[in-house]
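Values in this document were obtained by computation on a predicted structure and should not be read as measured data.
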There are 2 protein chains.
Amino acid sequence: MGEHRATLAAVAARAGVSPSTASLAFSGSGPVADATRERVLAAARDLGYAGPDPLARSLRRGRSGIVGAVIGERLLYAFRDPVAVALLDGIAEALSPSGTGLLLLSGDAQHGSPTTEQVSRMPVDVAVFATCGRDDDPLLDLFLRRGVPVVAVDGPDRPDVTVVDIDDYGGAAELARHVASLGHHRVAVAALPLRLDGRSGRVDDARRAIVGFADCRARLAATEDVFGPVPVAEAPSNVVEEGERAGRLLLAGPDRPTAIVAQSDLLAVGVIRAAEALGLRVPQDLTVVGYDGIDTPWLGERLLTTVVQPIAEKGRLTGRMVTELLAGQRPANVHLPVRLRVGTTSAPPPSR
Amino acid sequence: MGEHRATLAAVAARAGVSPSTASLAFSGSGPVADATRERVLAAARDLGYAGPDPLARSLRRGRSGIVGAVIGERLLYAFRDPVAVALLDGIAEALSPSGTGLLLLSGDAQHGSPTTEQVSRMPVDVAVFATCGRDDDPLLDLFLRRGVPVVAVDGPDRPDVTVVDIDDYGGAAELARHVASLGHHRVAVAALPLRLDGRSGRVDDARRAIVGFADCRARLAATEDVFGPVPVAEAPSNVVEEGERAGRLLLAGPDRPTAIVAQSDLLAVGVIRAAEALGLRVPQDLTVVGYDGIDTPWLGERLLTTVVQPIAEKGRLTGRMVTELLAGQRPANVHLPVRLRVGTTSAPPPSR
DNA sequence: CGATTCGATCGAATCGATTCGACCCGAGGA
DNA sequence: TCCTCGGGTCGAATCGATTCGATCGAATCG
């Protein structure tokens with residue numbers, strides 16, 4: 001165990017060839033006589049040499065063969081979000097043929113987690129900001145300064161990053177018009193995190209000023225462009241439980257809304273749970289709508305009224321952007337359309 | 001864009017110090033006068049130098065700061081499996097303080113995916129076989145040959161790898177005895193993949209001989225030690241849909257079982273769906289039991305009878321094993337206990 | 001006041017491969 | 001027969017940092 005691992009030079013020496021030839025024998029690039037290759041491979045076998053050291057190879061080549069996926073929250077939360085998972089899967093699938101690996105990175109430094117500096121020191125060829133396209137993410141700048149190309153999903157619209165996003169505003173607006181056309185006036189919003197700092201609860205003006213996520217901001221703007229200013233409860237992360245908390249909060253007040261616009265399907269499921277815990281029927285007593293268009297097994301036969309985004313395609317396209325960047329190209333931004341799906345969780349408000 | 005990125009040497013030259021001093025100024029290890037450090041940092045700022053190149057640093061240090069997580073199937077499938085996700089989350093959490101990254105690796109080479117060779121060339125300090133502790137995984141040997149320590153979860157019991165697993169046999173046996181004590185004799189099994197080759201359907205003797213996964217094998221053995229040989233339907237991956245297919249298959253025959261033992265909760269949910277589609281009531285007409293003890297929102301108020309494994313702890317412990325290996329130690333194997341949870345999906349067989 | 005120590009800095013070796021240009025030699029063309 | 005051409009091989013530079021040991025001046029100690 002103490003002995004050092006065999007190196008390519010050692011193998012070359014044993015095979016009686018120069019290191020350069022040994023390298024050629026392994027990498028396959030360049031002409032090598034079959035006999036020589038055999039000799040090198042045999043020597044490698046004798047010495048227990050399992051191929052060139054990835055680190056040395058990467059240093060020389062100038063690339064690591066690794067793509068970083070920045071996910072904002074704890075792995076657990078990101079993985080509970082079907083949208084994030086599908087996205088990562090799409091990236092992984094697109095990357096697979098080239099043998100590129102996917103490295104999970106945590107964006108926001110929290111208790112015990114590595115510093116942003118540390119994270120940006122990871123050897124990635126491209127960084128994908130998967131679930132946290134915050135406008136002013138320091139990590140984003142760090143990667144760019146380092147010369148690492150960045151793809152931002154639903155991310156900030158900056159000239160130096162490639163953006164893949166959906167028509168957040170358009171979808172949210174169409175959804176809002178649907179709710180309005182049913183006759184609702186008293187509407188409230190269960191919002192995605194405005195910023196990843198763990199805060200939750202009712203959003204006041206000060207808090208509202210710092211909305212850092214493009215998607216969250218666009219959806220909220222669309223809703224308020226239809227209904228005017230509405231009460232907003234913020235969930236600290238995109239999970240059912242937090243949707244339930246936000247729902248309880250919104251339904252507790254004296255002026256109970258007749259419709260709640262949740263900024264994601266997971267939050268919507270939570271809101272529905274909160275409503276039912278209070279004895280409210282959905283949609284008879286309360287209309288609840290979501291965003292994303294994921295499977296919602298929690299709801300049984302009911303179909304959530306929501307905006308369906310092309311998740312799988314988003315993932316695939318993101319993956320393609322990455323491979324293009326790896327190939328040295330500068331791909332154009334992509335803006336995907338969404339579609340309103342009217343389900344069984346929206347209805348006219350109860351007549352008083 | 002064409003100009004080469006600044007190097008530490010360039011920064012050192014501009015600051016009027018030697019590269020060694022500049023290195024010290026960045027890494028912080030070793031004594032550097034404050035004034036000197038300032039000068040170096042200023043030079044770095046001028047040159048747009050964002051810190052040492054991770055690849056070079058890794059080569060010199062001999063470690064990459066990356067841990068590989070080998071997940072057997074497509075990302076999408078692994079992420080749909082709450083057990084796998086919780087495991088990864090636990091690892092990520094344990095790794096977080098040290099700033100170590102988690103690299104997702106696909107174990108089994110399939111269409112379009114990188115070869116096993118390619119995967120084993122990733123610069124990882126430790127490899128965790130997260131959801132695919134196949135006994136004879138070639139990837140496992142490749143990593144070991146390369147000198148990369150391996151942690152196998154539910155993995156093969158080999159002297160050269162660290163194993164974290166649960167009492168699969170014990171749990172499955174207790175579960176089987178529970179089912180037997182209810183009076184069931186005609187029992188069938190909906191099995192996890194015996195091997196990751198996409199095959200599904202009824203398992204004959206030839207197929208049975210190649211059970212490659214320790215957990216799957218142990219659970220099956222325990223069931224048959226109680227009931228004797230039973231019909232087995234194999235799911236090609238651990239998702240609800242495949243459980244449903246397996247369920248339909250098992251329920252289709254002339255000699256319909258009165259109880260189906262699913263090797264995971266996800267499969268059990270699928271089996272229940274299949275049963276209900278056939279007009280069978282669970283548990284009155286059919287007993288269905290699972291394994292894992294995850295949340296099953298699909299079942300509404302019903303509680304699955306299952307074996308609960310300590311998922312979160314498994315993840316944490318796996319993470320700890322990894323950090324110990326990174327510290328150069330050789331941790332001992334861990335074997336976690338499980339617990340039978342009797343829910344509302346098991347009952348005596350219908351009287352004829 | 002001479003000897004010792006400590007802090008700050010520097011030189012040079014090293015990590016392990018890749019790759020460019022040069023070189024050699026045998027075969028084919030003029 | 002001489003010249004080219006190209007397959008096969010080798011030397012040496014290079015990728016970009018880290019780190020060990022040496023050096024040097026200043027401060028401390030006896």
| request: Check whether any side-chain N or O of A:Arg63 sits under 3.5 Å from a backbone N or O of A:Asp125 as a donor-acceptor pair, and report yes or no. | output: no

| query | Where is the tightest heavy-atom contact between A:Leu55 and B:Gly62, given as atom of each residue plus distance? | reply | CD1-C, 4.3 Å

| Which residues within residues 7-26 of chain B lie with some heavy atom under 4.0 Å of an atom in DNA chain C? | B:Gly16, B:Val17, B:Ser18, B:Ser20, B:Thr21

| query | When you measure from the side chain of A:Asn333 to the backbone N and O of A:Val163, does any donor-acceptor pair fall under 3.5 Å? | reply | yes

| said: Enumerate the ring-ring contact (aromatic ring centres under 6.0 Å, His included) contacts for residues 134-153 of chain A, please, sequence neighbours excluded, ordered by first and then second residue. | reply: none

| task | State, with a plain yes or no, whether a side-chain heavy atom of A:Leu139 is found less than 4.5 Å away from one of A:Phe129. | result | yes

| Residue-phosphate contact under 4.0 Å: A:Thr36 side-chain N/O, D:dG8 OP1/OP2 | no

| note | Each base of DNA chain D marked ( ) or [ ] if paired in-strand (Watson-Crick or G-U under 3.5 Å), | if paired to another strand and . if unpaired gives ||||||||||||||||||||||||||||||

| Between B:Ser20 and B:Ser23, a side-chain donor and acceptor under 3.5 Å | no

Listing, residues 315-327 of chain B side-chain donor-acceptor contacts under 3.5 Å, not counting sequence neighbours, or none:
{"unit_1": "B:Thr318", "atom_1": "OG1", "unit_2": "B:Lys314", "atom_2": "O", "d": "2.6"}
{"unit_1": "B:Thr323", "atom_1": "OG1", "unit_2": "B:Gly319", "atom_2": "O", "d": "3.4"}
{"unit_1": "B:Thr323", "atom_1": "OG1", "unit_2": "B:Arg320", "atom_2": "O", "d": "2.7"}

| field | Expected output: side-chain B:Arg121 to main-chain A:Pro54 donor-acceptor under 3.5 Å | value | no

| Can you list every pair that meets side chain to side chain donor-acceptor pair (under 3.5 Å) and has a residue in residues 35-49 of chain B, with sequence neighbours left out? | B:Arg14-B:Asp46

| Contact check, side chains of A:Leu104 and B:Leu104, non-hydrogen atoms, under 4.5 Å | yes

| task | Assign each of A:Ala56 and B:Arg60 to its nearest nucleotide of DNA chain D by heavy atoms, then name whichever residue's nucleotide is nearer the 5' end. | result | A:Ala56

| task | Would you classify B:Pro31 as touching base, sugar-phosphate or nothing, given that sugar-phosphate means primed atoms plus P, OP1 and OP2, and contacts are heavy atoms under 4.0 Å? | result | base

| field | Along DNA chain C, first and last positions that approach a heavy atom of chain B under 4.0 Å | value | C:dA8 to C:dG16

| How is A:Ser27 classified with respect to the nucleic acid when contacts are heavy atoms under 4.0 Å: base, sugar-phosphate, or nothing? | nothing

